[in-house]
Each structure stands twice: as structure tokens, then as C-alpha cells.
Student: 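My questions will all concern the structure given below.
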Amino acid sequence: MEQSSQSLKRTLTLWPVVLFGLAYMTPMIVFGIYGVLADETGGVVATAYLVAMVAMLFTAYSYGQMVKAYPISGSAYTFTRKSINPHLGFMVGWAVILDYVFLPMVIWLIGSVYLHAAFPAIDTWVWILAFIIITSAINIIGIRVTTTINFIMMLFQFLVIGLFIILSVVSLSQGEGMGTFFTATPFFNEDMAFSLVLAGASIACYSFLGFDAVTTLSEETVSPEKTLPRAIFLIALIGGAIFVIVSYFVYLIFPDHTQFENYDTAGLEIAQFIGGNLFSAIFLAGMITAQFASGLSAQASASRLLFAMGRDNVLPRKLFGLLHRSFRTPIGNIIVIGMIGLIALAMNVSTSTSFINFGAFITFTFVNLSVIGHYYVRGKKRHGKDLILYLVLPLIGTALNVWLFTNLDIHALTLGSIWAAIGFIYLLIMTKGFKKEPPEMKFEEAD
């Protein structure tokens, strides 16, 4: 077959790329896990998000530097493989697989607990099964959520967030909550424990997942070597600012986090309190729409990643390399992702988000280390400002991610370690004890 010489048209400038990244992050997730973070931190959620944002900004800087070197999909896996070591790259790729494969489960779980809170007569497991069946059916048929629809849903999320802030201001002006707009209490108070803040920050990083997704737009972006690093940094900064501001206002309205009846669905209680039934209905619609769209895209991406690896024999081809004869979609992998989603029946929001972050912190850590490997070690950029840019800043990013990693939920650390051990054993077998290089993973196939 003749090789096509066509390439994608470069039309995307900075702000369209930033909007794409923000849509991928799903801004309303700040409400989805607010109660969990309030319980974990003792109420100072804004501080947890602030700590998480600082760590993500250093990591966003490193992503930007590596995108300049390797403007292709594959992200942390590609960076580590090419800048440090192929075997280590495989293990980072294995951590990336964890995020891809288990992320739909977390998305469906969060959506289900909110629907159960709104309709308590229907058990959570029913909603989980509904999410899995409907999403899987759509993905098998092959209908994909387009960028345009995602953009519209992102605007709807911003509308809900804007309404929340306006209603919060009205409530505060009427003496509700703390009755003031300016106070440092949401960030610092006498009962605050920094160890709890770190534990909360390790969960809060879940809200930032996807800020690096714009690396998949490199072939459609004008001057990607300049635009993408700026976009990645701005996405982390703007997303973090939204999370901090929303958390700040929630604290002003609900200074005592023990008021929440259910930490997993605190966002719905907040919406009901400040806007009554009408706003809580709008809020629920925004939350479920965002979770459904995210779950649809996450399952589609994960199934295509597994297919690419099955086709290339990174994973067993007979199981993972099959396509539906009519729809030409990886039906087996879609079903596998759906079955993994059933684990949500036995997990809570806190542990599941921490489990996802296990893989995220590993990938973020090695993105930072890849900057050192590529520029400082191999590129020998070690003098003047290069010492700051290619050693000090990525080292700070590495330290922050390792710091947050060690504060993950113990159950998440246990599950994540089991996943890593399986990957290591699989790597040993594939490479015959590291005597040959592992096969290359093609993460771009999942995007």
C-alpha cells in the first residue's frame, strides 16, 4: 500500500489549545471530590489544591521542555524511553497503562455516587452498571464524542462554576456561612495539620489529570515547539486557579466540613444550599454530563491503547489485538475496560482517585527526570541558566511529586505496588532478563 504523504493542517493557536486542555481536565471535578478532600485535610481544601498546583506547574514546565525535544504522543513513556532507558521507559509506560485502564472506573464511580445522592431509591451499583453498559455499547458501535461537543460541555461546566460563585457571593452578602469575602482561614487555621494537607494534595492531583493531553495536537498546532509548552503551563495554572478559587468559596459557605452528610457527594449538598432545587438540578446535570463524556473518551482511549499493544505483541495479540468485524472497534478491549469498571462496586472515591494518582505521580516524576537526562546529562547543558532550567527546576518537580506520592492512601500504594510488580515480572519475561530491549508502546494510537 502506498504511504500517504498527507499531514494534518496546522490551524490551532495558543488559546484553542488551552481550551482543549481545560476541557480534557473536566473543571467540575473540583466539586466531585471536594468532600473527600475536606475530610482528608480537615477542611483546608484550598491549601491542598495550592500545593498540588505548585507541583503540577513544575511538572508542566518539564513537559514543555520535553515536548520541544520530542513533539509526539507517548508523553512520559516516550520521554523516559528516549532520554533515560528503554527498560525504565517500559515501567513508566506500565504506570501510564494503569491510568488509562482504571480511569474510566473512577469516572463512573464518581458519577454514580452523585446520581445515588440525587435518587437515593436507586442503589449506586445500578448507576455503575448503567454507566458501563451504555458507555461500552456506544464505544463498540464507534460513535465518538467530538472536540466540538466536548467544547460545548466545557462551556456548560464553566457556566455552572460561574453560577456557583455568583450564588456564593449572594449568600455571603446575606450573612450565610462566614459572612465575609476575604479571609485567610480557608488556607490556614489553628487546627490545620500540614501532614493532612499533603495527604489531601496527593488526592487533589487527580483533578489535574489530562493537562498534558494537548501533546496529541502537535501536528495540528501552529509552531508546536513554542505553543505547546506555553499551553501546558497555562492549562495547569488556569485549572489550578479554578480549583483553588472554587475551594475557597466553598469553605466560606461551609466553614465546618463536618456539616456534610456524605463526603463523596458534598458538591450536591453545596449546590442545594446556595441555589435550591433549581441550581442543584443544573449542577447535577453538569456533573453527570461531564462524567459521562469523560468516561466515554477514557474508555475509547484505553481500549485503543490495549489494541495497539496487542497488535504489536506488547500484550498477547490473540486477546488484545482483535477488532469487531462490522464496527471495526476493539470490542474485546472495550468489554475488558467495562469489566474492570466493576471494581468500582467495591471501592470508594478516595481510594480509587489515589490509586489512579499512583500511576500519575510515577509518570510525572519521570517527566521531570527526563529533562535532566535529555538536556543536562546527554545534552551537556550545565552552565549558567542551563543549570537552573535543566537541573534545579526539574529536581524540584521530582521532589514535589515523590513527596506527594509518599502521602497516597495506603490501600492505593498497595494496589499500585502490585500493579508495578506485575509489570516488572512481565518485563523480565519479555526481555529475557533485560538481555534485549522491550517492544515499543504506541500511545499515540490511544488518542
Side-chain angles (χ1 to χ4, degrees), residues 10 12-15 17-18 20-22 24-25 52-86 88-89 91-93 95-96 99 205 208-240 359-405 441 443-444 447:
R10 295 188 184 277
L12 297 176
T13 53
L14 178 63
W15 288 106
V17 174
V18 170
F20 175 90
L22 290 174
Y24 203 96
M25 282 176 68
M53 182 174 69
V54 171
M56 293 303 99
L57 287 176
F58 276 99
T59 301
Y61 163 79
S62 291
Y63 265 108
Q65 296 303 315
M66 294 310 298
V67 165
K68 292 178 184 178
Y70 304 105
I72 56 177
S73 300
S75 197
Y77 161 73
T78 300
F79 302 156
T80 307
R81 180 184 179 93
K82 293 183 179 295
S83 299
I84 303 177
N85 178 273
L88 196 55
M91 290 304 298
V92 172
V96 174
D99 282 356
C205 287
F208 290 84
L209 295 186
F211 75 87
D212 61 316
V214 294
T215 57
T216 63
L217 302 176
S218 58
E219 293 183 41
E220 300 165 83
T221 303
V222 177
S223 302
E225 69 282 352
K226 293 182 180 179
T227 302
L228 291 181
R230 294 173 185 171
I232 292 170
F233 192 86
L234 284 171
I235 292 163
L237 180 63
I238 295 170
F361 284 133
I362 289 176
T363 59
F364 292 160
T365 296
F366 280 95
V367 168
N368 285 290
L369 291 175
S370 293
V371 174
I372 299 172
H374 179 79
Y375 291 100
Y376 185 81
V377 177
R378 296 190 177 187
K380 300 186 184 302
K381 295 190 175 185
R382 305 172 182 175
H383 305 289
K385 68 177 183 180
D386 289 346
L387 187 67
I388 303 295
L389 296 177
Y390 305 126
L391 180 63
V392 176
L393 293 181
L395 272 180
I396 294 173
T398 299
L400 288 171
N401 279 289
V402 171
W403 196 18
L404 292 174
F405 177 86
M441 302 182 188
F443 284 92
E444 64 271 17
D447 301 309

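Note that the coordinates shown come from a computational prediction; the quantities given were computed from them, not determined experimentally. No hydrogens, no waters, no symmetry mates; every other heavy atom, side chains included, goes into these values.
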Student: Walk me through whether Thr80 and His374 qualify under side-chain contact (heavy atoms from CB on, under 4.5 Å).
Tutor: CA-CA 9 Å; Thr80 307; His374 179 79; over 6 Å; no

Student: What's the shortest heavy-atom distance between Gly93 and Tyr77, and which atoms?
Tutor: CA-CD1, 3.8 Å

Student: Which heavy atom of Ile235 sits nearest to which heavy atom of Val17, and what is that distance?
Tutor: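 Ile235 and Val17 have their closest heavy atoms at CD1-O, 4.0 Å.
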
Student: Considering all heavy atoms of both residues, which atom of Val222 and which atom of Thr227 are nearest to each other, and what is their separation?
Tutor: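 What the structure gives for the nearest pair is O-OG1, 2.7 Å.
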
Student: Looking only at atom types and distance, does a side-chain atom of Tyr61 sit under 3.5 Å from a main-chain N or O of Leu389, one as donor and one as acceptor?
Tutor: yes

Student: Let me know which of Val367, Asn368, Val371 forms a side chain to side chain contact (heavy atoms under 4.5 Å, CB included) with Gln65.
Tutor: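 It is Val371; the other options fail the test.
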
Student: Drop me the distance from Leu57's CG to Ile232's CD1, to the nearest 0.5 angstrom.
Tutor: 12.5 Å

Student: Write down the atom of Tyr63, the atom of Ala76, and the distance for their closest heavy-atom approach.
Tutor: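 Taking Tyr63 first and Ala76 second, the nearest heavy atoms are OH-CB, 4.4 Å.
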
Student: Take Asp99 and Thr363, measure what side-chain hydrogen bond (donor to acceptor under 3.5 Å, both in side chains) needs, and give me the verdict at the end.
Tutor: CA-CA 10 Å; Asp99 282 356; Thr363 59; 4.8 Å; no

Student: In Å and rounded to the nearest 0.5 Å, what is the CG to CZ distance from Leu209 to Phe211?
Tutor: 8.5 Å

Student: Walk me through it: do Phe366 and Phe79 pass the test side-chain contact (heavy atoms from CB on, under 4.5 Å)?
Tutor: CA-CA 8 Å; Phe366 280 95; Phe79 302 156; over 6 Å; no

Student: Is any side-chain heavy atom of Phe208 less than 4.5 Å from a side-chain heavy atom of Thr59?
Tutor: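 A side-chain contact is absent here, since even the closest heavy-atom pair is not under 4.5 Å.
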
Student: Between Tyr390 and Tyr375, how do the two ring planes meet: parallel, tilted or perpendicular, split at 30° and 60°?
Tutor: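 Tyr390 and Tyr375: parallel rings.
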
Student: From Tyr70 OH over to Thr78 OG1, what is the distance, rounded to the nearest 0.5 angstrom?
Tutor: 9.5 Å

Student: Using the rule given for side-chain contact (heavy atoms from CB on, under 4.5 Å), can you reason through Leu393 versus Ser62, listing the C-alpha separation, both sets of side-chain angles and the distance that settles it, and then say yes or no?
Tutor: CA-CA 8 Å; Leu393 293 181; Ser62 291; over 6 Å; no

Student: Rounded at 0.5 Å granularity, tell me how far CG in Asn401 sits from CZ in Phe58.
Tutor: 11.0 Å

Student: What's the spacing between Leu228 CG and Met66 CE if we round to 0.5 Å?
Tutor: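 One gets 14.0 Å once the value is rounded to the nearest 0.5 Å.
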
Student: Once rounded to the nearest 0.5 Å, what's the spacing between atom CD1 of Ile238 and atom CG of Leu22?
Tutor: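 The CD1 atom of Ile238 sits 5.5 Å away from the CG atom of Leu22.
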
Student: Just by distance, do the side chain of Asp386 and the backbone of Arg382 share a donor-acceptor pair under 3.5 Å?
Tutor: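 Side chain of Asp386 to backbone of Arg382, a donor-acceptor pair under 3.5 Å: no, none is there.
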
Student: Tell me the closest heavy-atom pair linking Arg230 and Leu14, and the distance in Å.
Tutor: CB-CD1, 3.9 Å

Student: How far apart are the closest heavy atoms of Cys205 and Met56, and which atoms are they?
Tutor: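 Between these two residues, the closest heavy atoms are SG-CE, 3.8 Å.
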
